[in-house]
Amino acid sequence: MKYLISGLMMLASGQVMADIKTEQNYPACDLETQRNVSETGTRITDPLEAHISLRIDILQADISTARKARILTQAQADKLWQSASRVRNETAHFVKQQGFLSAAERASYDRELDDIAIKFCGKIEG
């Protein structure tokens, strides 16, 4: 009888943990909202670069959260994180070189970030 009760308790707690993981809301997965975020500050003054930077900040925060919750492996998190960092570095390079980020470059980087977010969201849902 003790084993039956223990088994039922473990099963119930496992279900509760599964519900917690599936209910997690990751802002990076809301691509429509992500395409409209922007905030300039003292470090970044170009509004198009600020948009890309903020999207990357949100995506990397979600990657960290999913890793801490053990939804992503370290290898998965590292790969996604590095992809986002590459976009950040390329964006900073263009702004340094040209003085601004063009609308076409922003659109291209938005598509890259969408691809990274889709990969991330697929891994946490699957």
pair [X]-[Y]: side-chain heavy atoms closer than 4.5 Å:
| X | Y | result |
| --- | --- | --- |
| L72 | W81 | no |
| L59 | L80 | no |
| K123 | T73 | no |
| D110 | R55 | yes |

Residue that, paired with D78, satisfies side chain to side chain donor-acceptor pair (under 3.5 Å) out of Q74, Q76, Q82
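Single pass found, and it is Q74.
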So which heavy atom on [X] is nearest to which on [Y], and how close?
| X | Y | answer |
| --- | --- | --- |
| A84 | Q60 | CB-NE2, 3.8 Å |
| I124 | A66 | CG2-CB, 4.0 Å |
| A117 | A28 | CB-O, 3.5 Å |

Atom [atom1] in [X], atom [atom2] in [Y]: separation rounded to 0.5 Å?
| X | Y | atom1 | atom2 | result |
| --- | --- | --- | --- | --- |
| S102 | Y109 | OG | OH | 9.0 Å |
| I118 | L31 | CD1 | CG | 5.5 Å |
| F120 | I71 | CZ | CD1 | 7.5 Å |
| D62 | D57 | CG | CG | 11.0 Å |

Using the rule that Ile, Leu, Val, Met, Phe, Trp and Tyr join whenever any side-chain heavy atoms are under 4.5 Å apart, tell me whether [X] and [Y] fall into a single cluster.
| X | Y | value |
| --- | --- | --- |
| I56 | L101 | yes |
| I63 | V87 | yes |
| L48 | I58 | no |

Report the residue from E112, E105, R88, R106 that forms a side chain to side chain contact (heavy atoms under 4.5 Å, CB included) with I52.
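Filter result, single survivor: R106.
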Do we see a donor-acceptor contact under 3.5 Å between the side chains of D30 and Q34?
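Looking only at side-chain atoms, Q34 and D30 do not form any donor-acceptor pair under 3.5 Å.
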Ignoring hydrogens and angles, tell me if any N or O in the side chain of S83 forms a donor-acceptor pair with the backbone of K79 under 3.5 Å.
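Confirmed, S83 side chain pairs with K79 backbone.
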